[in-house]
Amino acid sequence: MNDTPKAPVGTRNSMLSLRYLILGFALSWLPMPGTALAVIPLVASFYYGVRFIQDLKKSGQNKAVAPNMIGLGLTALLIAMVVAPIVQYERTMDYQKCLWGANTNQAREACENQHDQHPGTVQRFFLD
């Protein structure tokens, strides 16, 4: 007789999704070139999150799907927040370099004003 408890449905996919999400979130705080590394674990987290939801649906646990869909939406939002500065790489790098060299509050404000006054191509596309 084997009395070992069985793991809940989708445990492996859920844990992998969570681990990749935490890694991606931590990498998203790196300065700009390193931020691009966050995309890899975040996409993996999204993939395993989808697999987890599929496991829940197959097992008939439909009540648990909705909260996990919210989690997938938040993961997708984090992916978008990481990818947005990468799309404007040159502009974001110039802004970061300006901030790194700013030693006073006035210098920091000058960097922010310069960044706000010269919109990138993406902002011009949406604003014009």
Side-chain angles (χ1 to χ4, degrees):
M1 201 183 283
N2 191 357
D3 291 334
T4 58
K6 291 189 176 185
V9 175
T11 302
R12 180 179 180 275
N13 288 329
S14 175
M15 291 306 296
L16 283 171
S17 177
L18 178 64
R19 288 176 183 163
Y20 281 127
L21 180 63
I22 292 170
L23 177 62
F25 181 73
L27 289 174
S28 72
W29 285 92
L30 290 174
M32 186 52 189
T35 304
L37 293 174
V39 174
I40 298 166
L42 288 174
V43 169
S45 173
F46 190 82
Y47 170 75
Y48 285 112
V50 169
R51 298 235 356 232
F52 176 61
I53 288 174
Q54 289 173 344
D55 291 343
L56 289 176
K57 284 185 177 181
K58 284 180 188 175
S59 69
Q61 298 178 7
N62 292 330
K63 289 183 180 180
V65 171
N68 290 296
M69 291 295 284
I70 293 170
L72 268 183
L74 292 174
T75 303
L77 181 64
L78 185 57
I79 291 170
M81 290 173 62
V82 169
V83 169
I86 295 170
V87 170
Q88 304 179 53
Y89 182 79
E90 198 170 311
R91 183 171 189 261
T92 305
M93 282 302 296
D94 290 342
Y95 179 61
Q96 279 188 355
K97 286 178 186 176
C98 183
L99 288 177
W100 288 335
N103 293 330
T104 64
N105 284 338
Q106 287 178 330
R108 181 177 281 281
E109 287 176 14
C111 291
E112 291 173 359
N113 287 337
Q114 179 184 4
H115 182 73
D116 292 340
Q117 289 176 357
H118 302 292
T121 56
V122 175
Q123 283 90 359
R124 278 188 254 138
F125 175 76
F126 287 112
L127 296 175
D128 291 340

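- To the nearest 0.5 Å, atoms CG (Leu16) and CG (Leu21) are separated by 12.5 Å.
- Remark: Phe46 pairs with no residue by the ring-ring contact (aromatic ring centres under 6.0 Å, His included) rule, at least two apart or across chains.
- With sequence neighbours excluded, no residue satisfies side chain to side chain donor-acceptor pair (under 3.5 Å) with Tyr89.
- Note on Trp29: it does not cluster hydrophobically with Leu99, by side-chain heavy-atom contacts below 4.5 Å among ILVMFWY residues.
- Separating the CG atom in Leu23 from the CZ atom in Arg19 is a distance of 11.5 Å, to the nearest 0.5 Å.
- Residues Ser14 and Phe52 have side chains in contact (heavy-atom distance under 4.5 Å, counting atoms from C-beta outward).
- Heavy-atom contacts from other residues, nucleotides or ligands closer than 6.0 Å to CH2 of Trp100 number more than 12.
- Residues that satisfy the side chain to side chain contact (heavy atoms under 4.5 Å, CB included) test with Glu109, not counting sequence neighbours, are absent from this structure.
- Rounding to the nearest 0.5 Å gives a distance of 11.0 Å between CG of Leu42 and CG of Leu37.
- In this structure, the separation between CE on Met15 and OH on Tyr48 is 13.5 Å, given to the nearest 0.5 Å.
- Remark: Glu112 CD to Tyr95 OH distance equals 4.0 Å, nearest 0.5 Å.
- Summarising the geometry, atom CE belonging to Met32 is positioned 9.0 Å from atom CD belonging to Gln88; distances are rounded to the nearest 0.5 Å.
- Between the Ser45 side chain and the Ser17 main chain, a donor and an acceptor come within less than 3.5 Å of each other.
- Taking a 6.0 Å sphere around CE of Met69, one finds it holds 12 or fewer heavy atoms contributed by other residues, nucleotides or ligands.
- Here the side chain of Ser28 pairs no donor or acceptor atom with the backbone of Ala38 at under 3.5 angstrom.
- Side chain of Gln96 to main chain of Pro31: no donor-acceptor pair is present (N/O by atom type, distance under 3.5 Å, no hydrogens or angles).
- One hydrophobic cluster holds both Met93 and Val39 under the rule that ILVMFWY side chains link at heavy-atom gaps under 4.5 Å.
- With sequence neighbours excluded, the residues forming a side chain to side chain contact (heavy atoms under 4.5 Å, CB included) with Ala107 are Ala102, Thr104, listed by chain and number.
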Return a table of donor-acceptor pairs under 3.5 angstrom between the side chains of residues 53-65 and protein atoms on other chains or two or more places apart.
residue : atom : partner : partner atom : Å
Asp55   : OD2  : Asn13   : ND2          : 2.7
Ser59   : OG   : Asp55   : O            : 3.4
Ser59   : OG   : Leu56   : O            : 3.0

For this session: Begin with the C-alpha distance, continue with both residues' side-chain angles, and end with the deciding distance and a verdict on side-chain contact (heavy atoms from CB on, under 4.5 Å) for Leu72 and Val50.
Result: CA-CA 8 Å; Leu72 268 183; Val50 169; 3.8 Å; yes
In residues 77-87, what donor-acceptor pairs under 3.5 Å come from side-chain atoms, sequence neighbours left out?
none

